[in-house]
> 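Following this message is one structure expressed as structure tokens.
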Amino acid sequence: MKIFISVILAALVVFGVCFSSGCKKQENATYIAIISAMDNEIADLLKKADIKRVDNISGGEYHVGTLCGKNVVITKAGIGKIRTSSGATKLFENYDISKVIFTGIAGGVSDETKVLDEVIATDLVEHDYGIIRSDGFIWRSGDPGYGNEEGLYYHCDETLVNLAYTSAVEVLGADHVFKGTIATGDQFVASESYVEKLKNDYNALACEMEGAAVAVVCENYGKPYVVLRALSDKADGKAHESYSGFANDAADNSCKIVLKLLEKI
Ligand code: ADE
């Protein structure tokens, strides 16, 4: 009898720990993960979602519920590649995630794009990963110390990209939607000459600080992902001013597109 009670107590403790931390092993549900860098980039989604609980996992808030009839976990991971990698890893380690949508804002790089336009990433590249030599920066991935490998492009899921593109066209009109490469780095870009480099070296349409990080984590876990970015600025000398004026509206544009996208997945 004592053994039986001990086993029951142990099971209850394990269940309690797992449940309070949102442990995926205790749930049958599969979720679409929605990640952002900042609060304003998920604000509209959280207003519209039916949130059942908020799991606090190592300092990150994971909003668990439904949105457009889909099970979702929504989280703001923080700005930059490190915070994003950490936030995305916690998602995969704590929930059963079927696919990942990154929503947010970016700086426009292509001459064709305007502030508040949407860029859907077909692929992502880390523009700040490589070797710094006395004669300049060399873009590399793999083991940059050896410098014998070209940089990598990370490819978003084609089906999600096409659905996101169609959704964005429905929301903003075809003239305001682009798909192509987004360049990621741990820097807010506010420089015409660096914009030229991003265009010429990486063929980038936009730049931001998180996309490639979420891509790497999703690839490690073998899950499909897409990155949606509305432009708050043109990453030039006026970028800060433009960002202050347009960041919230741009963030809302991406949220509207996410809602359409969720209806289609
Ligand atoms: N996010 C929005 N604007 C950006 C910029 N100019 N550089 C990097 N990330 C951004």
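Every number for a ligand or one of its atoms is a count from 1 in the order of the listing. Fair warning: this is a prediction, and the values are worked out from it, not measured in the lab. Index from 1, following the sequence.
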> May I ask you to list the atoms of ligand 1 that are less than 4.0 angstrom from any heavy atom of Ala235?
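Once the distances to Ala235 are compared, the set is 6 (N).
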> Look at ligand 1 and say whether Gln187 reaches it with a heavy atom at a distance under 4.0 Å.
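Checking ligand 1 against Gln187, which is what was asked, there is a heavy-atom contact under 4.0 Å.
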> Applying salt bridge (Lys or Arg N to Asp or Glu O under 4.0 Å), can you list everything that pairs with Glu118, at least two apart in sequence or on another chain?
none
> Testing the 3.5 Å rule here: is there a donor-acceptor pair between the side chains of Thr181 and Asn203?
no
> I need the atoms of ligand 1 closer than 4.0 Å to a non-hydrogen atom of Ser232, numbered in the order shown.
2 (C), 3 (N)
> For Ala190, is the nearest heavy atom under 4.0 Å from an atom of ligand 1?
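So Ala190 does not count as touching ligand 1.
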> Report yes if Val189 has an N/O atom closer than 3.5 Å to an N/O atom of ligand 1; otherwise report no.
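Yes; the residue has a nitrogen or oxygen that sits under 3.5 Å from a nitrogen or oxygen of the ligand.
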> Nearest protein heavy-atom contact for atom 1 (N) of ligand 1: which residue, which atom, what distance?
Ala106 CA, 3.7 Å
> To which protein heavy atom is atom 3 (N) of ligand 1 closest, and what is the distance rounded to 0.1 Å?
Asp233 OD2, 2.7 Å
> Can you see whether Glu208 engages Thr184 through a side-chain donor-acceptor pair at a distance of less than 3.5 angstrom?
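Their side chains do contain a donor-acceptor pair, which is all the 3.5 Å distance test asks for.
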> If you draw a 6.0 Å radius around NZ in Lys264, do more than 12 non-hydrogen atoms from other residues or ligands fall strictly inside?
yes
> For Ile79, which fellow cluster members are found when Ile, Leu, Val, Met, Phe, Trp and Tyr are connected by side-chain heavy-atom distances below 4.5 angstrom, either directly or through intermediates?
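Under the 4.5 Å side-chain rule, Ile79 groups with Met38, Ile105, Phe188, Met209, Tyr243.
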> Will you find, in the side chains of Tyr225 and Glu219, an N or O donor that is under 3.5 Å from an N or O acceptor?
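The answer is yes; a qualifying pair exists.
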> For Glu208, is at least one N or O under 3.5 Å away from an N or O on ligand 1?
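No, Glu208 has no N/O under 3.5 Å of an N/O on ligand 1.
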